[in-house]
Every structure is written in structure tokens, then in C-alpha cells.
Amino acid sequence: MNNKRNLKKIEADLLNRKMELEQKLTEMSKEQFSDGQVQDPGDQALTATMESLRMSLQDAEVEEYRGIAKALERIKEGNYGLCADCGNSISEKRLQSFPGTMRCLACQENFEEKVGQGALHSL
Ligand SMILES: [Zn+2]
């Protein structure tokens with residue numbers, strides 16, 4: 001197994017994806033500026049719905065973008081593929097689905113449980 005070559009390929013893929021997302025996000029933010037002129041209240045409600053839909057879409061893109069940026073940073077540091085919590089290596093399958101992940105599945109589940117409880121608590 002040639003880990004180094006593999007990492008180069010991963011890094012190249014991540015860079016490509018990052019550029020794609022950058023373009024997408026730039027276009028989306030342009031769109032947001034161009035169609036902000038609706039006066040009718042009914043239309044405004046619809047616009048608000050569309051807007052929040054678009055925002056949540058953009059959130060997902062931004063989230064992915066951040067994940068990729070994080071992954072690239074971790075490749076540079078030489079920590080890529082290692083769980084930030086327990087230090088075990090993260091499965092390749094998981095890294096393919098979530099390139100920006102910082103935790104192995106078990107630790108991620110623990111983490112989300114904690115975050116979930118925290119969110120409930122703050123309500
Ligand atoms: Zn872990």
C-alpha cells in the first residue's frame with residue numbers, strides 16, 4: 001500500500017472539489033444580490049421562504065467547503081485520516097463520504113450525542 005501516493009490523490013481531489021464549491025458559492029452570493037426587489041407582501045413571504053431554502057442549501061455547501069479546507073490543512077499537518085479524539089485511523093470509506101471528518105465513527109457519535117444534549121439543554 002502506497003499511502004503517500006494515495007494522499008496526493010486525495011489532496012488533488014479535495015482541491016478540485018474546493019474550487020468547484022468556491023465557484024458555486026460565488027455564483028450563489030451573486031444571485032442573492034441581484035434579486036432583492038419584491039414589494040408585494042405575498043411575494044415577500046414566498047421570497048423569504050425561497051431565501052431561507054437557498055440559505056440552507058448554501059449552508060450545506062459552506063459546511064462542505066469548510067470540511068474540505070480542514071481536510072487539506074490536516075493533510076499538510078500530517079494528521080489526515082487520524083481521529084482527533086482517540087487517535088485511531090479513520091476508515092477509508094468514512095473519509096470518502098466525509099473528507100473533512102476529524103473523528104472516527106465511534107467518537108463522532110459520542111460527539112454528536114454531546115452536542116445534541118447541549119442543544120436540548122440550551123432550549
Ligand atoms: Zn476516535
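Every number for a ligand or one of its atoms is a count from 1 in the order of the listing. The chain is numbered in sequence order, starting from 1. The structure presented is a predicted model; accordingly, all values stated were derived computationally and were not measured.
- Qualifying side-chain contact (heavy atoms from CB on, under 4.5 Å) partners for L82, counting only residues two or more places apart in sequence or in other chains: S89.
- Only protein N, O or S atoms were considered, and those under 2.8 Å from the Zn ion (ligand 1) are C83 SG, C86 SG, C104 SG, C107 SG.
- Applying the salt bridge (charged side-chain N to carboxylate O under 4.0 Å, His left out) rule to K24 yields the partners E61; only residues at least two apart in sequence or on another chain are considered.
- With sequence neighbours left out, D13 forms a side chain to side chain donor-acceptor pair (under 3.5 Å) with K9.
- Nearest approach of A71 to P99, heavy atoms of both residues: CB-O, 3.2 Å.
- Judged purely by distance below 3.5 Å, without hydrogens or angles, the side chains of E27 and Q23 never pair a donor atom with an acceptor atom.
- Judged by the 6.0 Å distance and 45° axis criteria, R74 is not positioned over the aromatic ring of Y80.
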